[in-house]
Amino acid sequence: VVTNFKVPHRVPCPFCEIQAGRYAWHGPPAVIFDDELIYVFLNPAPMGGMPGHSLVVTKRHVETIFDASEEEALALGTAVVKTARALRTVLDPDGILVQQSNGVAAFQTVPHLHFHVIPKAQDSPFPPIEDPDIVPSPERVDLAVSLRMSWGSERA
Ligand SMILES: [Zn+2]
């Protein structure tokens, strides 16, 4: 398929770097779930006015939703639902926002397929007006442990 789609150019890919064990200054990822196809971890930057901003990411370097395999698509969809449920159980937010961007025109900034699952506090503006404070690594790891324990055991 030939399209006008423009994917952001970013080398090295930050999500492939994390998987390769090369982390940014804010430390290793606080992993919530991990299998052969996908992984789920906490984004250090909360976007919804509270901690818990999670990223559901393919292990393979897949640029957009159009490049995912059937297996990856199933794994991603299931993980997004389970992540939202775990966040609700552990954090009891006022709402949960799921966001996913394909192409520069749709605000994609990392050229590696990912879903944001963002617990949202009622009165926090979205997107935040100022850059949010990074959640410190020990706090993020504690939260990831709680989410991991509740992940997949939730019911609708
Ligand atoms: Zn990548």
Side-chain angles (χ1 to χ4, degrees), residues 1-87 90-91 96-120 126-128 130-152:
V1 184
V2 179
T3 71
N4 289 319
F5 235 86
K6 280 195 187 57
V7 171
H9 184 71
R10 205 159 151 190
V11 176
C13 166
F15 294 156
C16 287
E17 286 290 283
I18 287 173
Q19 279 199 79
R22 292 184 289 272
Y23 316 125
W25 59 270
H26 37 64
V31 177
I32 300 164
F33 177 80
D34 171 58
D35 71 8
E36 67 278 7
L37 294 172
I38 58 159
Y39 67 111
V40 183
F41 63 100
L42 287 168
N43 189 318
M47 298 292 282
M50 58 187 293
H53 177 187
S54 301
L55 292 167
V56 180
V57 180
T58 51
K59 286 229 164 137
R60 201 164 62 92
H61 183 80
V62 171
E63 286 192 333
T64 71
I65 207 164
F66 304 105
D67 307 308
S69 70
E70 194 72 17
E71 265 190 311
E72 285 164 337
L74 285 168
L76 286 165
T78 302
V80 166
V81 171
K82 288 184 174 179
T83 301
R85 289 177 178 174
L87 288 168
V90 172
L91 295 169
I96 291 182
L97 187 151
V98 176
Q99 196 175 53
Q100 196 274 322
S101 296
N102 302 282
V104 172
F107 316 113
Q108 185 177 10
T109 57
V110 176
H112 186 136
L113 177 56
H114 60 286
F115 287 75
H116 298 264
V117 186
I118 302 171
K120 181 75 180 53
F126 189 87
E130 292 173 17
D131 281 347
D133 288 337
I134 297 300
V135 179
S137 181
E139 195 183 316
R140 250 184 299 140
V141 169
D142 283 352
L143 178 55
V145 169
S146 300
L147 290 166
R148 211 152 54 214
M149 288 194 299
S150 133
W151 208 90

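For ligands, and for the atoms within them, numbers begin at 1 and follow the listed sequence. All heavy atoms count here, side chains included; hydrogens, waters and symmetry mates do not.
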Inset, instruction - Hey, can you tell me if H114 and H116 have their rings parallel, tilted or perpendicular (30° and 60° cut-offs)? - result: perpendicular
Inset, instruction - Determine whether more than 12 heavy atoms belonging to other residues, nucleotides or ligands lie under 6.0 Å from atom CZ of F126. - result: yes
Legend entry - Neighbour count above 12 (heavy atom, 6.0 Å) for E71 CD: no
Donor-acceptor pairs under 3.5 angstrom involving side-chain atoms of residues 96-104: please list them, not counting sequence neighbours.
from	atom 1	to	atom 2	distance (Å)
Q100	OE1	N102	ND2	2.8
Q100	NE2	N102	OD1	3.1
S101	OG	A106	O	2.9
N102	OD1	I65	N	2.9

Legend entry - Salt-bridge present (K59, D34; N to O < 4.0 Å): yes
Inset, instruction - For residues R10 and P111, report the shortest heavy-atom separation together with the two atoms involved. - result: CB-CD, 3.7 Å
Inset, instruction - Would you list the protein N, O or S atoms within less than 2.8 Å of the Zn ion (ligand 1), leaving out water? - result: C13 SG, C16 SG, H61 ND1, H112 ND1
